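Input: a single structure, listed below in structure tokens.
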Amino acid sequence: MKNLSPRLRAKLISKPARFLALCGVMRALRGQRTFLLGGTGIFVLVVPPGHGIEFYEDASRLLTYGEYLVGGHGVNRDRADVIALKTIHGKRTGSFDILEESIGKDRLVVVTQARDLVSEDFERFADAVLDIEPLDPRHVLAAAKVCCDMYLTAEQAEAIAAAPLKEVAAALRKGRPIKKTLEMLKGAARPTTMVQPVLDNAQPSLDDLAGMGEAAEWGKELAIDLSDWLAGKIRWADVDKGVLLSGPPGCGKTMFAKALARTCGVHLVLGSLAQWQACGHLGDLLKAMRKAFDDAKKNAPAIMFIDEIDSMGDRTKFTGDHVHYCREVVNGLLECMDGAAGRDGVVVVGATNFPDMIDAAIKRPGRLDRHIRIPLPDAEARRGILRFHLAGSLEEADRALIADRTEGWTGARLEQVVRDARRRARRARREISLADIQSQLPEIVTMPEAVLRRAAIHEAGHTLVGLELGIGAFVYVEIKDAFDPSQGVEQWGGGARFDRPCLSERTACEFLDLIATGLAGMAAEEVMLGQRAAGSGGRRGSDLHEATMVALRLEAAYGLGSGLTYLSGTSDEELLVTLHMDADLRKRVERVLAAEFAHAKALVESKRTELAKIADSLCERKKLMADEVRALVGIDASVAQGNEKPSVPESLLRGCGNGKTFPDIVEHP
Ligand code: ADP
Ligand code: ZN
């Protein structure tokens, strides 16, 4: 509100619905900086179903004419316009030839009740077609405060936000008791659970999706089990009853559930706490949740998908006012999952970004006892995802090019890029090309020669010293030659990977070797380039941080250093506090680090030629596998695994996931 002109402020304060509509419009346009600052642009805004287009039309006017800006008089009102498209009694109203009307306008917003009211033709000339999302509880909280002097609880705001704006406009008024408002909105029309019909051919099957890994395997097994169960060959008790999917937003969890239902040939019921909460108070929420499970049971066999299942919370972590509410919600869910009536034929798929925040009871056997992570797609998966969304357009080699440039991207982000590229091609009335997609990819900064060389020497240092000291089975070494600023200021810049034994003796020697290997990157820089750079320190997870923590454990917790006294536990926080308070401990830790740094430097000195070879090859190839490195420096594999200590048995190294990567980060200002 601070940045609003006084005039607009006054206009907004008088009407909560106007305030909410403006929030919605601003949110839809949040990526369009130029337009928000008064620049040119043509946008189509699609109003959420049942929300009443008038409020959004009004809000779009405020915005398009520049009234929301302090000093927003720079916008020429004659060259700005808002057009509303709606149907009345099934007939389309509003301007018919928006294309014609858009000529001569700098700023145009078309607000529409439904996307299909906008002609394809017009879509082609719009900068973007954006969905306005339903009301956000945070906006409702703000609107109530600013416009009505009311302070709502989070639950009240959520209940209100679930109703269509039209009804909120009528119900939320200054001076009216909130109880009454909520009562009025209780019956508001809103979408309930959605049941997807069996064999919806519009949905992909599990075979169409790339990058689902273990989840896809599990899904295909489930399909077999479900059909066996239907045929009476196996008992319900033999079927997996649920799975918990975790992974970053946009990695395809919802899509997986849809594909799973399609592959199994069963119904899908989509639900989430937010959706059930939208039905009102606790009692209504529980009712909605039970109804969703009932819908699934009625349509059994069925998949019950619960999105953001972590939002149910963990009963052991609730505090304050919410305890009762949250407990009831979790208990309600547990009841639904294994209630008295049983849920034969209903498989529950829970999705979360935070698997650790889920109540342990939900993860018990018979409920969501299996946890599968959907990782960020690797290069091969990205190629598959692109193939899926490009549906036959572009050659495989082109898709591979794009996959190489989109490391760290989710499926959702890849889809967005394809969609934007398609629009670009459509506007130019031609087929989509590689250039269309490339134009949507963020600018990549290539590493300057000197930086790349230093990184190669650094990683070669970790590699050689790790091999010399036999800290585990060496797997690969890698450097990155490009930086994608759209992915944040700190990115994985490379590393040397060793597989470590799951169980080891944990002698002082082992820890010291780890420290020496960790410091070997900076040791190599110093030996080969005369001085080291800042990249080895500066943040948690850096070489220096990791080496310091190992040395600290050695001295303060394990009694493996220069004293026997136990000073601290093994949690990083506790150890660091002890370190800060204890000057003598700092001296001991520094002594260990300095000695191992000297050790690493001596090793590097004695292997200058080999190190230069690895570094040269890395600069050229960016990634070297273990065999390639061994061939380069002529170390025999058995020696490479450490000739002074017994080499680690292969069986202990495989599959325990106990790897050490000595990861290095590059920073971009
Ligand atoms: P999540 O539920 O994990 O947040 P979604 O399933 O909603 O993610 O994915 C969002 C969009 O991203 C999907 O509609 C789809 O277009 C795209 N997407 C994600 N993963 C994949 C994939 N493996 N293959 C194809 N498209 C994907
Ligand atoms: Zn390093």
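Every number for a ligand or one of its atoms is a count from 1 in the order of the listing. The chain is numbered in sequence order, starting from 1. These figures come from a predicted structure and were not determined experimentally.
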Point to revise | N or O contact, M212 vs ligand 1, cut-off under 3.5 Å | key: no
Check your understanding: Strictly by modelled atom types, are S272 and D307 linked by a side-chain donor-acceptor pair under 3.5 Å?
Key -> no
Review point. Going from CG on L469 to CG on L464, what distance comes out if it is rounded to the nearest 0.5 angstrom?
Key: 10.5 Å
Check your understanding: Which heavy atom of the protein is the closest neighbour of atom 11 (C) of ligand 1, given with residue, atom name and distance?
Key -> E415 OE1, 3.6 Å
Practice item. List in chain and number order the residues that pass side chain to side chain donor-acceptor pair (under 3.5 Å) with R608, two or more places apart in sequence or in another chain; answer none if no residue qualifies. Key: E605
Point to revise | the Zn ion (ligand 2): angle it makes with NE2 (H462) and NE2 (H458), nearest 10 degrees | key: 90°
Check your understanding: What atoms of ligand 1 come closer than 4.0 angstrom to any heavy atom of G411?
Key -> 12 (O), 17 (C), 18 (N), 19 (C), 20 (N)
Check your understanding: Below 3.5 angstrom, do we get any N/O pair linking G252 and ligand 1?
Key -> yes
Exercise for review: For C251, take its heavy atoms, then give the atoms of ligand 1 lying under 4.0 Å from any of them.
Suggested key: 3 (O), 8 (O), 19 (C), 20 (N)
Point to revise | N/O/S from E459 sitting under 2.8 Å away from the Zn ion (ligand 2) | key: no
**Study point:** Contact atoms of ligand 1, heavy-atom distance to F388 under 4.0 Å
**Key:** 25 (C)
Check your understanding: Does a sphere of radius 6.0 Å around CD in E449 hold more than 12 heavy atoms from other residues, nucleotides or ligands, not counting ones at 6.0 Å or beyond?
Key -> no
Practice item. Indicate whether any N or O donor in one side chain lies under 3.5 Å from an N or O acceptor in the other, for E510 and S504. Key: yes
Check your understanding: In the protein, what heavy atom is nearest to atom 7 (O) of ligand 1, and what distance, to one decimal place, separates them?
Key -> T254 OG1, 3.7 Å
Point to revise | Non-hydrogen atom of G247 closer than 4.0 Å to ligand 1 | key: no
**Study point:** Full working for side chain to side chain donor-acceptor pair (under 3.5 Å) between H458 and E525
**Key:** CA-CA 6 Å; H458 179 108; E525 288 182 46; 2.7 Å; yes
Check your understanding: Looking at ligand 1, does any of its N/O atoms fall within less than 3.5 Å of an N/O of P249?
Key -> no
Point to revise | Protein heavy atom at shortest distance from atom 24 (N) of ligand 1 | key: I385 CG1, 3.5 Å
Check your understanding: Got the closest protein heavy atom to atom 12 (O) of ligand 1, with its distance?
Key -> A412 CA, 3.0 Å
Practice item. Give the atom name of whichever N/O/S atom in D543 sits closest to the Zn ion (ligand 2). Key: OD2
Point to revise | Contact with ligand 1 for G211, non-hydrogen, under 4.0 angstrom | key: no
Point to revise | Test side chain to side chain donor-acceptor pair (under 3.5 Å) applied to E628 - qualifying residues, sequence neighbours left out | key: R621
Review point. Looking just at side-chain N and O atoms, do D420 and Q416 make a donor-acceptor pair shorter than 3.5 Å?
Key: yes
Review point. Does the R405 side chain pair with the main chain of P442, one donor and one acceptor, at a distance under 3.5 Å?
Key: yes
Practice item. Please check if the side chain of R500 supplies one atom and the backbone of G472 the other of a donor-acceptor pair under 3.5 Å. Key: no
Check your understanding: Taking NZ, NE, NH1 and NH2 as the nitrogens, is one of them in R419 or E415 under 4.0 Å from a carboxylate oxygen of the other?
Key -> yes
Review point. Will you find, in the side chains of H462 and D543, an N or O donor that is under 3.5 Å from an N or O acceptor?
Key: yes
**Study point:** For atom 13 (C) of ligand 1, the option (of M255, R419, K253) bearing the nearest heavy atom
**Key:** M255
Point to revise | Within-cut-off N or O pair, A210 and ligand 1, under 3.5 Å | key: yes
Check your understanding: So is there a nitrogen or oxygen of H389 less than 3.5 Å from a nitrogen or oxygen in ligand 1?
Key -> yes
Point to revise | Heavy atom of A351, distance to ligand 1 below 4.0 Å | key: no
Point to revise | Protein heavy atom at shortest distance from atom 4 (O) of ligand 1 | key: G250 N, 2.7 Å
